[in-house]
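Counting starts at 1 for both ligands and their atoms, in listed order. These numbers were taken from a predicted model, which means no experiment stands behind them.
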Amino acid sequence: MTDDSSAQTQASADNISHPPGTSNSDSAFAAEASSTSVKRKVDDLGAMDSKLDARDDKRRKGTAPIKEEYLVKSDDIVEPRPPQDEVDDDAAEAFHHKDRQALGHNGKSKRREKKTGQNKARDFGSSRDQVGLCTSRAHHPEFSPDECKFGDKCKFEHDLRRYLQEHKRKDLTTFDGVCPVWQTKGRCPVGWKCRFVGSHSKEVERDDGRRELILVQDETRMAEYAATSVEEEGPGVANAITPQQRFDLTRRKVGTPKSDQFLKWLDTQVQGQRQRLEAGRPDRSHRNSSSPEPDPEQGAVNGDHKLDSRATFADPPLRPSEKRRLYFGAETPVLAPLTTQGNLPFRRLCTSLGATFTYSEMAMSLPLMQGQKSEWALIKAHESEVQPPTFSLKGGKNIVYDYDQSKDLCFGAQIAANKPWLAIKATEILTTLLPKGLRVVDLNVGCPIDLVFRDGAGSALMDSPPKLEKMLRGMNLVSGETPVTVKIRTGTKDKHPTAQKLVERLVLGAGQTAGDPCGVAAITLHGRTRQQRYTRSADWDYISETAALIKNLNEKADGVADTIHEPDERDMPNGHKGSRHGKVFFIGNGDVYSHEHYYDHIEHAKVDGVMAARGALIKPWLFEEIAAGQYIDKSSSERLSIIEKFCRYGLEAWGSDEMGVGQTRRFLLEWLSFACRYVPVGLLEYLPPNIQDRPPRYKGRDELETLMASDNYLDWIKLSEMFLGPAHKDFQFVPKHKSNAYEMEAEG
Ligand SMILES: Cc1cc2nc3c(=O)[nH]c(=O)nc-3n(C[C@H](O)[C@H](O)[C@H](O)COP(=O)(O)O)c2cc1C
């Protein structure tokens with residue numbers, strides 16, 4: 001809910017979709033909104049069309065409708081920002097994949113590990129102490145350090161006082177000088193290296209008169225924290241594999257017995273089919289004899305028509321385990337998977353603001369299987385994400401038979417792969433090593449990035465339905481109780497949508513697998529093609545048609561299952577009472593930027609759930625707006641406190657030492673590159689805001705609001721310095737839309 005300082009916007013109550021269960025007259029919004037004011041504005045726009053002068057015309061096309069008094073004009077022309085936003089979004093999605101080719105889907109690593117995974121593809125300079133403190137000293141009182149195993153060869157500092165006085169930058173004074181990690185946990189894992197170490201250390205006098213520096217812990221806070229935390233590694237972090245597990249992965253010692261069995265069976269099916277084709281005999285075992293011609297879409301990219309294994313000639317050698325039931329509904333707004341941006345602190349922030357479900361950044365299957373640390377870092381979650389979601393069901397409608405909210409959790413992993421064996425084995429490994437930490441394993445079939453696409457992964461799989469079906473079927477067989485989901489696009493090419501045909505195949509099975517669904521529990525559709533990237537709006541008409549189709553298919557699947565295949569409860573996702581087939585949930589995605597869009601899509605496109613990506617990056621309180629069913633006109637100071645929260649979460653996740661502060665700053669700047677696009681709703685002439693609109697140059701209601709609207713990364717650094725202090729002299733930031741690197745001026 002909005003608090004006192006959040007003014008309501010002048011939106012027309014007639015224009016607002018309300019959360020289910022509220023109406024115009026009973027919502028708090030209706031009482032406070034100045035509906036006539038905006039109604040007039042909206043009507044005016046129609047009437048004024050012919051009178052618009054060139055300037056207004058310019059403002060209307062793809063331009064955010066900012067009230068006259070806030071516009072910054074030169075020569076009386078409203079200055080639009082440079083047209084770079086769509087390009088930026090593509091760049092943002094792609095940026096950290098520049099080195100993804102290094103992940104070698106073919107198993108051959110072309111570059112070194114340190115360049116893959118989270119945040120490794122860009123050079124941000126470094127944020128280190130001038131001379132580091134030896135770890136044998138880092139957590140100990142001054143007089144009783146551990147022995148340094150490296151002796152004279154150790155290049156780190158062993159004299160604690162010298163380190164503190166000469167090599168370490170002075171303590172930060174932000175957060176009132178109190179270490180945010182220590183404040184939460186009662187102890188700070190980085191010890192003497194902490195940039196706030198003064199708040200958890202002191203000098204004491206010993207019996208012999210010597211003065212010793214010691215670290216201080218707060219036992220009460222530690223006990224409180226221990227009582228509520230499910231900490232596995234670091235502060236509140238879940239889904240971390242153990243060093244032993246990682247070691248075993250690197251030595252190929254983690255078995256994938258279920259995958260091996262399935263893949264072997266798959267192989268025999270493919271070989272059998274090949275032999276039949278070579279012998280020139282028509283494949284009479286096809287159940288669907290009415291469609292003997294290969295589907296032109298099948299295997300189009302990989303030319304693998306012949307190897308199309310629509311090959312459930314014999315039942316697979318193993319059955320899936322019974323799955324945890326899923327639920328998506330109006331009450332469960334979903335945060336999209338977001339490479340780089342969807343890091344743990346940002347997801348934690350969104351969860352705290354009302355996001356119900358979250359996904360990891362896309363992780364590549366091969367490096368996961370190889371135990372690469374940076375890829376497994378993507379799968380770590382905050383403890384708040386591995387708890388049951390806290391929504392309350394409105395009227396208990398649409399609830400899935402047997403759904404148990406207390407067994408559900410918020411966080412799912414997303415993976416990408418270009419071959420069935422990779423997707424299947426990675427899924428088995430993920431769900432074996434983290435049996436309780438993942439809501440779903442989601443396969444990314446939307447990624448547009450060239451490097452991924454050319455390898456046959458991401459959205460390339462849209463053009464290889466048989467391969468994709470094999471992947472999902474196998475993933476479902478090996479994933480234990482964890483459901484498998486998939487995220488797709490409208491298609492790869494403009495004006496040639498293929499998602500609906502694909503969906504039909506995934507929900508019902510096709511050809512040889514007709515009546516034998518691959519077991520996918522939910523499908524998310526981003527309503528754009530790969531070719532279109534972020535140009536033009538997402539096609540919600542197509543999403544809506546697909547929702548209707550899936551509803552039909554869900555019903556039809558029952559019938560097909562009756563006549564052809566006796567489904568086993570375990571094979572079915574989200575079984576519901578009275579149905580023999582499991583419901584496949586359908587989530588729509590694209591351009592959701594307000595509660596209005598959100599509820600409109602639930603009501604009119606009739607999707608089960610709605611996922612937000614850039615909308616949440618630009619204003620993470622989108623989730624609060626969805627819960628409240630109204631716009632929240634956050635003041636600049638409220639927005640600043642959200643930035644502060646991110647910094648706290650970042651320091652908790654990455655540490656409060658120089659490195660952790662640098663990492664937090666880096667990801668904060670990445671996020672601010674989106675957040676600066678927010679135009680406060682109080683500055684807009686009419687609502688809803690359109691995510692594709694670019695703001696003209698404008699000034700905010702106060703200096704801070706103006707600063708937050710800046711698209712100059714130097715201003716983002718200024719904002720970061722309010723909480724993280726002056727940037728390290730070696731800190732670099734390359735804004736994704738600018739080619740010039742920024743290097744911090746040296747500072748003290
Ligand atoms: C910076 C950025 C990173 C993204 N990373 C991923 C990703 O890792 N996996 C994925 O499935 N989609 C990814 N996407 C796509 C989004 O999940 C989403 O489908 C798309 O942005 C459309 O939603 P929107 O209009 O709400 O932004 C990314 C998008 C952006 C802008």
Would you find more than 12 non-hydrogen atoms of other residues, nucleotides or ligands less than 6.0 Å from K645 atom NZ? yes

Could you pull out, from K487, R528, M611, the option with a heavy atom nearest to atom 16 (C) of ligand 1? K487

Does ligand 1 have a heavy atom under 4.0 Å from the side chain of D591, from its backbone, from both, or from neither? both

Establish, for the pair R639 and Y678, whether the NZ or CZ atom is under 6.0 angstrom from the six-membered ring centre and no further than 45 degrees off its axis. no

Heavy atom of G590 under 4.0 Å from ligand 1? yes

Answer side chain, backbone, both or neither: which part of H526 comes under 4.0 Å from ligand 1, heavy atoms only. side chain

Got an N/O contact under 3.5 Å between G615 and ligand 1? no

Given that the side chain starts at C-beta and the backbone is N, CA, C, O, which of these parts of N589 lies under 4.0 Å from ligand 1, counting heavy atoms, or is it both or neither? side chain

Could you tell me, atom by atom, which parts of ligand 1 come under 4.0 Å of a heavy atom of T339? 3 (C), 4 (C), 5 (N), 6 (C), 7 (C), 8 (O)

For N444, atoms of ligand 1 separated by under 4.0 Å from a heavy atom: 9 (N), 10 (C), 11 (O)

Per-atom contacts, ligand 1 versus A336 - under 4.0 Å to a heavy atom: 17 (O)

When you look at T524 and N589, which way does the side-chain hydrogen bond (donor to acceptor under 3.5 Å, both in side chains) test go after all the steps? CA-CA 7 Å; T524 303; N589 166 234; over 6 Å; no

Before you tell me yes or no, could you show the steps for E385 and T351 under side-chain hydrogen bond (donor to acceptor under 3.5 Å, both in side chains), namely the whole-Å CA-CA distance, both residues' side-chain angles and the distance that decides it to 0.1 Å? CA-CA 7 Å; E385 298 177 289; T351 307; 4.5 Å; no

If the cut-off is 4.0 Å to any non-hydrogen atom of R614, which atoms of ligand 1 fall inside it? 24 (P), 25 (O), 26 (O), 27 (O), 31 (C)

Establish, yes or no, whether the cationic atom of R530 lies under 6.0 Å from the six-membered ring centre of F453 and within 45° of the ring axis. yes

Have a look at ligand 1 and work out which part of M362, if any, has a heavy atom under 4.0 Å from it: side chain, backbone, both or neither. both

Counting distance only, does the side-chain N/O of D608 pair as donor-acceptor with the main-chain N or O of F586 below 3.5 Å? yes

Over 60° means perpendicular and under 30° means parallel, so classify the ring planes of Y649 and H382, tilted if in between. parallel

Would you please indicate yes or no on a ring centroid separation below 6.0 angstrom for Y327 and F391? yes

Over 60° means perpendicular and under 30° means parallel, so tell me whether F585 and F328 are parallel, tilted or perpendicular. perpendicular

Y534 near ligand 1 by a heavy-atom separation under 4.0 Å: yes

Got an N/O contact under 3.5 Å between E361 and ligand 1? no

